[in-house]
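FYI, the numbering just counts along the sequence from 1.
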Amino acid sequence: QLQLVESGGGLVQIGGSLRLSCAASGRTFSNYVMGWFRQAPGKGREFVAAISWTGSHTAYPDSVKGRFTVSRDNAKNMMYLQMNSLKPEDTAVYSCAASSPPAFTLDLARRAEYHSWGQGTQVTVSS
């Protein structure tokens, strides 16, 4: 079973940056498409980013495009989310997830496409 553990969350000021990490173990990491989701209090889980098996393809919603960058290091079994120009509306618990799709498509924005999830890390953006 693939196990995922997030780290790197914390409190940051408006306009600041954070880098989240997702450590994978238990299975061959490069076999999975990976994604980041977030959930703010009282809201549903929201797609943040996805990255293909080798990292050659990425996807973002408009809400974070140009500010967030997802990357992965298959040799280290790690995925990252670099978050810049943070806003209060970015405050949420961020979780990484793994998917085994037949192709890298826009369906990967749907949380139902992911079968393994980490516990999440809290990101709070405050003035």
Side-chain angles (χ1 to χ4, degrees):
Q1 184 177 355
L2 185 69
Q3 296 177 327
L4 303 172
V5 178
E6 303 89 343
S7 62
L11 176 65
V12 63
Q13 290 186 331
I14 296 172
S17 298
L18 274 179
R19 188 175 85 150
L20 304 184
S21 298
C22 174
S25 62
R27 289 289 187 270
T28 303
F29 181 61
S30 58
N31 285 349
Y32 301 94
V33 166
M34 298 297 296
W36 285 100
F37 286 77
R38 67 186 181 187
Q39 187 165 21
K43 296 188 177 181
R45 194 168 281 182
E46 178 190 15
F47 170 68
V48 174
I51 186 165
S52 62
W53 300 264
T54 63
S56 59
H57 293 84
T58 57
Y60 307 91
D62 288 343
S63 58
V64 307
K65 195 173 295 182
R67 300 188 298 122
F68 290 12
T69 303
V70 61
S71 61
R72 67 189 296 167
D73 185 337
N74 287 341
K76 295 182 179 179
N77 294 341
M78 296 290 295
M79 178 178 65
Y80 307 98
L81 184 68
Q82 179 66 43
M83 305 186 295
N84 299 328
S85 302
L86 284 162
K87 306 174 181 180
E89 51 263 43
D90 295 320
T91 295
V93 174
Y94 284 71
S95 299
C96 61
S99 178
S100 302
F104 190 80
T105 70
L106 291 178
D107 286 344
L108 289 162
R110 297 169 52 223
R111 61 182 184 270
E113 295 295 311
Y114 296 82
H115 50 69
S116 299
W117 292 83
Q119 292 297 313
T121 185
Q122 176 70 47
V123 172
T124 303
V125 184
S126 174
S127 57

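- Classified by interplanar angle (parallel below 30°, tilted 30° to 60°, perpendicular above 60°), the ring pair H57/F104 is tilted.
- Shown here are the side-chain hydrogen bond (donor to acceptor under 3.5 Å, both in side chains) partners of N77, two or more places apart in sequence or in another chain: there are none.
- T105 is linked by a side chain to side chain contact (heavy atoms under 4.5 Å, CB included) to A103, D107, counting only residues two or more places apart in sequence or in another chain.
- Annotation: salt bridge (Lys or Arg N to Asp or Glu O under 4.0 Å) contacts of R110 (sequence neighbours excluded): E113.
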Which atom pairs, one a donor and one an acceptor, fall under 3.5 Å between side chains of residues 38-47 and the rest of the protein, sequence neighbours left out?
residue	atom	partner	partner atom	Å
R38	NE	E46	OE1	2.8
R38	NH1	D90	OD1	2.8
R38	NH1	Y94	OH	2.9
R38	NH2	E46	OE1	3.3
Q39	NE2	K43	O	2.9
E46	OE2	S63	OG	3.4

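- Every residue was checked against the side-chain hydrogen bond (donor to acceptor under 3.5 Å, both in side chains) condition with Q3, not counting sequence neighbours, and none meets it.
- For the 3.5 Å distance criterion, the side chains of S126 and T124 fail to qualify, holding no donor opposite an acceptor.
- M34 and Y114 are assigned to two separate hydrophobic clusters, defined by single-linkage of ILVMFWY side chains at heavy-atom distances under 4.5 Å.
- Applying the disulfide (SG to SG under 2.5 Å) rule to pairs touching residues 30-92 yields nothing, sequence neighbours excluded.
- Listed by chain and residue number, N84 satisfy the side-chain hydrogen bond (donor to acceptor under 3.5 Å, both in side chains) test with S17 (two or more places apart in sequence, or in another chain).
- Listed here is the closest heavy atom pair of Q122 and T91: NE2-CG2, 4.0 Å.
- The shortest side-chain heavy-atom distance between I14 and P88 falls under the 4.5 Å cut-off.
- Of all non-hydrogen atoms in V70 and W36, the two that sit nearest each other are CG2-CD1, 3.8 Å.
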Result block: side-chain N/O donor-acceptor pairs under 3.5 angstrom for residues 22-33, not counting sequence neighbours:
none

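- Hydrophobic cluster of V5: no remaining members, since no ILVMFWY side chain lies below 4.5 Å from it.
- Between M83 and V12, every side-chain heavy-atom pair lies at or beyond the 4.5 Å cut-off.
- Residues Y60 and T69 have side chains in contact (heavy-atom distance under 4.5 Å, counting atoms from C-beta outward).
- Not one N or O on the side chain of R72 forms a donor-acceptor pair closer than 3.5 Å with the backbone of G55.
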Working for side-chain contact (heavy atoms from CB on, under 4.5 Å), residues M78 and S21: CA-CA 7 Å; M78 296 290 295; S21 298; 3.6 Å; yes
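- For the pair E6 and T121, the tightest heavy-atom approach, listed with the atom from each and the gap, is CB-CG2, 3.9 Å.
- H115 meets the side-chain hydrogen bond (donor to acceptor under 3.5 Å, both in side chains) test with S100; sequence neighbours excluded.
- Atom-to-atom distance recorded for M79:CE and D73:CG is 12.5 Å, nearest 0.5 angstrom.
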Step by step, work out the side-chain contact (heavy atoms from CB on, under 4.5 Å) result for V125 and E89. CA-CA 8 Å; V125 184; E89 51 263 43; over 6 Å; no
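- Cluster annotation: Y80 and I51 are assigned to distinct hydrophobic clusters (Ile/Leu/Val/Met/Phe/Trp/Tyr, side-chain heavy-atom contacts under 4.5 Å, transitive).
- Two different hydrophobic clusters hold V64 and F37 under the rule that ILVMFWY side chains link at heavy-atom gaps under 4.5 Å.
- In terms of heavy-atom proximity, L108 sits nearest to A50 at CB-CB, 4.4 Å.
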*Give the intermediate values and the outcome of side-chain contact (heavy atoms from CB on, under 4.5 Å) for residues W53 and N74.*
CA-CA 9 Å; W53 300 264; N74 287 341; 5.9 Å; no
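- In terms of heavy-atom proximity, L2 sits nearest to A98 at CD2-CB, 3.3 Å.
- Annotation: salt bridge (Lys or Arg N to Asp or Glu O under 4.0 Å) contacts of K87 (sequence neighbours excluded): none.
- Among residues at least two apart or in separate chains, there is no disulfide (SG to SG under 2.5 Å) pair with a member in residues 37-68.
- Closest of all the heavy-atom pairs between S95 and W117 is CB-CE3, 4.2 Å.
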